[in-house]
Amino acid sequence: MEPSESLIANIERFITLTDDEREYLTAILRVTAVRKKQYVCQPEFVCRYRSYVFSGSLRSYFVDANGQEHTISLVIEDWWVSDFYSYT
């Protein structure tokens, strides 16, 4: 299944899209491959996107004042991830 098909199937579990809406959504999608240890959202930058995981998994975490990492969530295929507070 293509990333756009997987994303549209995910969305259509909750709402019905018209053909025009599906076409528009497909046209504005940006598919990006993320390598291991690569950031999707950089610290200190405003998060401009919500990310849908087509394949693989991602970890959402923050680093405290002592330099310790704290995992917020583990995201697997067919899930969404973002720094929601930064995004909004």
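Because the structure is predicted, anything quoted here is derived from the model rather than measured.
A distance below 6.0 Å separates the ring centres of His70 and Phe62.
Counted within 6.0 Å of CZ on Arg13, heavy atoms from surrounding residues, nucleotides or ligands total more than 12; the atom is thus considered enclosed.
Scanning for side-chain contact (heavy atoms from CB on, under 4.5 Å) contacts around Asp19 gives Arg22, with sequence neighbours left out.
Between the side chain of Glu77 and the main chain of Gly56, a donor-acceptor pair closer than 3.5 Å is present. Judged by distance alone, with hydrogens and angles left aside, the side-chain atoms of Ser82 form a donor-acceptor pair with the main-chain N or O of Tyr49 at under 3.5 Å. Side chain of Asp64 to backbone of Asn66: a donor-acceptor contact under 3.5 angstrom is found. Panel note: side chain Glu21, backbone Thr18; a donor-acceptor pair is recorded below 3.5 Å.
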Verdict with reasoning, Ser73 to Trp79, per side chain to side chain contact (heavy atoms under 4.5 Å, CB included): CA-CA 11 Å; Ser73 63; Trp79 285 18; over 6 Å; no

From CA spacing to verdict: side chain to side chain contact (heavy atoms under 4.5 Å, CB included), Val53, Asp78: CA-CA 6 Å; Val53 180; Asp78 201 35; over 6 Å; no

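With a 4.5 Å cut-off on side-chain heavy atoms, Leu25 and Ile11 count as touching.
If you chain together hydrophobic residues whose side chains sit under 4.5 Å apart, Phe45 and Val34 never meet in one group. Ile15 and Leu29 fall within the same hydrophobic cluster, defined by Ile, Leu, Val, Met, Phe, Trp and Tyr side-chain heavy atoms under 4.5 Å apart, directly or through other members.
For the atom pair OH of Tyr39 and CG of Leu58, the computed distance is 13.5 Å after rounding to the nearest 0.5 Å. Atom CD1 of residue Ile76 and atom OG of residue Ser55 lie 11.5 Å apart, to the nearest 0.5 angstrom. Atom CD of Glu2 is separated from atom OG1 of Thr26 by 10.5 Å, given to the nearest 0.5 angstrom. Atom CZ of Arg59 is separated from atom OG1 of Thr71 by 4.0 Å, given to the nearest 0.5 angstrom. Rounding to the nearest 0.5 Å places CD of Glu23 at 11.5 Å from OG of Ser4.
At a cut-off of 3.5 Å, with distance as the only test, a side-chain donor of Trp80 or Asn10 sits close to an acceptor on the other residue.
When every heavy atom of Pro3 is checked against every heavy atom of Tyr52, the shortest pair comes out as O-CE2, 4.5 Å.
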